[in-house]
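Letters A, B, ... are given to chains in the order of the sequence lines, protein chains preceding strands, and every chain is numbered from 1.
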Protein chains: 2
Amino acid sequence: MNSPRWLDADEQRAWRAYLRMQGRLTARLNRQLQADSGLSLADYDVLVHLTDREEGRLRPYELQRDLQWEQSRLSHQLTRMQRRGLVRREECADDGRGAYIVITEEGRRAITAAAPGHVETVRGLFFDGLTRDQVTALERLATDVLDRLD
Amino acid sequence: MNSPRWLDADEQRAWRAYLRMQGRLTARLNRQLQADSGLSLADYDVLVHLTDREEGRLRPYELQRDLQWEQSRLSHQLTRMQRRGLVRREECADDGRGAYIVITEEGRRAITAAAPGHVETVRGLFFDGLTRDQVTALERLATDVLDRLD
DNA sequence: GCCATGTAGATGATGTGTCATCTACTGGTG
DNA sequence: CACCAGTAGATGACACATCATCTACATGGC
């Protein structure tokens, strides 16, 4: 195996800065959410997707597709959330293998209570420091990378 | 509490794209590293920092500062790495509380074997899809955000 | 020298993510 | 209808992350 094309100086700096930013940022967001509302980022994402449909319920495979999570990660996550009363599993009449995941009243309360503080934090830690151009450039960059990931 | 300033459409799209990119990207990197060399990204980072000093050893608090990790995360990580023979803990003469973390021969072999494939993957999944301007913009963005995180 | 306070680091409990594997049902083909 | 490949989802084992807490040593003030 011949030696790879290493990263050049610009790329190294960018990569290190990116890794550091993403580590510290998600740690902060997780801590804020956990401390202020007892939810993890994972809980938050699941609940957001459930409340997006006004029925408040989804098949696990739909959630999986939307969140782009591993199947078993989702399954474990739902088990934990069910144990805490945030969601409920219901039978699925159409498909004997399947299930519906339904958000509970408690789940709704939790996400409603958590959202404002979370959004404020995302703003305060991230968007408030960026120009409009940086924001659109970021979206472009992320979608460019995502396109190549499939 | 009055309602927060929500994210506008641009910000929402950027934020979602960013979250999705970072989730999928780190998953891919972790999988590649794990599959090809039996290391996790965490192992990799620790070993890189140890090999950066030619003595191949660091105090845990130095590692912690460099990696910006939680103290107990590092401690657990080092315990696991020690169990697998990648690092060794040594007494610290200067400070009776302290310790040195020393990379082992096996640790050196592991990082040497892992690095080329990892760098190729970072390139292939990330930098190859980006222009030079996007790379410098990313570094700028990440440092801007990091500056506000302290 | 003694004590208070601070710092280095480890540990146990618990929540989270991944992999491998399993069960049960679906839906198409003979 | 019998079979079989595929899909929906759960589970157990294990690695990883976080929080709270603990021990032991360091250091400065008296």
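Taking atom CD of E70(B) as the reference point, atom C1' of dG9(C) lies 14 Å away to the nearest angstrom. Atom CD in Q34(A) sits roughly 11 Å away from atom C1' in dT14(C) (whole-Å rounding). The nearest whole Å value for the distance from the CZ atom in R28(B) to the C1' atom in dT18(C) is 16 Å. Nucleotide dC16(D) holds its P atom 16 Å from the OH atom of Y44(B), rounded to whole Å. Nucleotide dT7(D) holds its C1' atom 15 Å from the CG atom of D94(A), rounded to whole Å. Rounded to a whole Å, the CG atom of L74(A) is 15 Å from the P atom of dC19(C). If you take CG of L67(A) and P of dG17(C), they are 11 Å apart, rounded to a whole angstrom. Atom-to-atom, CD of Q82(B) to C1' of dG9(C) comes out at 13 Å; the value is rounded to the nearest Å.
Comparing atom distances between the R59(A) side chain and each of dA17(D), dA8(D), dT18(C) picks out dA8(D) as nearest. Side chain of R80(B), nearest nucleotide from dA15(D), dA10(C), dA26(D): dA15(D). Of the candidates dA20(C), dC16(D), dG15(C), dC16(D) carries the atom nearest the D43(B) side chain, counting heavy atoms from C-beta on. Checking dT26(C), dT18(D), dT18(C) against the side-chain heavy atoms of S72(B) singles out dT18(D) as nearest. When distances are taken from the side chain of S75(B) to each of dG17(C), dC25(D), dG9(C), the shortest belongs to dG9(C).
Within the 4.0 Å cut-off from OP1 or OP2 of dG9(D), not a single side-chain nitrogen or oxygen of R89(A) is found. OP1 or OP2 of dC16(D) has at least one side-chain nitrogen or oxygen of S40(B) nearer than 4.0 Å. Phosphate contact (OP1/OP2 of dC19(D), side-chain N/O of R31(A), threshold under 4.0 Å): present. A close approach under 4.0 Å does occur between a side-chain nitrogen or oxygen of Q77(A) and OP1 or OP2 of dG17(C).
Residue-to-nucleotide proximity on DNA chain D shows that, of A27(A) and R97(A), the 5′-proximal contact is made by R97(A).
Using a 4.0 Å cut-off between charged nitrogen and carboxylate oxygen, D66(A) and R53(A) count as a salt-bridge pair.
Residue contacts for N30(A): at a heavy-atom cut-off of 4.0 Å it reaches no nucleic acid atom on any strand shown.
Under 3.5 Å, the side chains of R31(B) and Q34(B) contain no donor-acceptor pair of N or O atoms. Between the side chains of Q82(B) and R89(B), at least one donor-acceptor pair of N or O atoms lies under 3.5 Å.
A donor-acceptor contact under 3.5 Å is formed by the side chain of Q71(A) with the base of dA10(D). The base of dG9(C) lies outside donor-acceptor range of the side chain of H76(B), with no N or O pair under 3.5 Å.
One distance of note links CD of Q68(B) with CD of E70(B); it measures 11.5 Å at 0.5 Å rounding.
Classification of the Y18(A)-F126(B) ring pair by plane angle, with boundaries at 30° and 60°, yields parallel.
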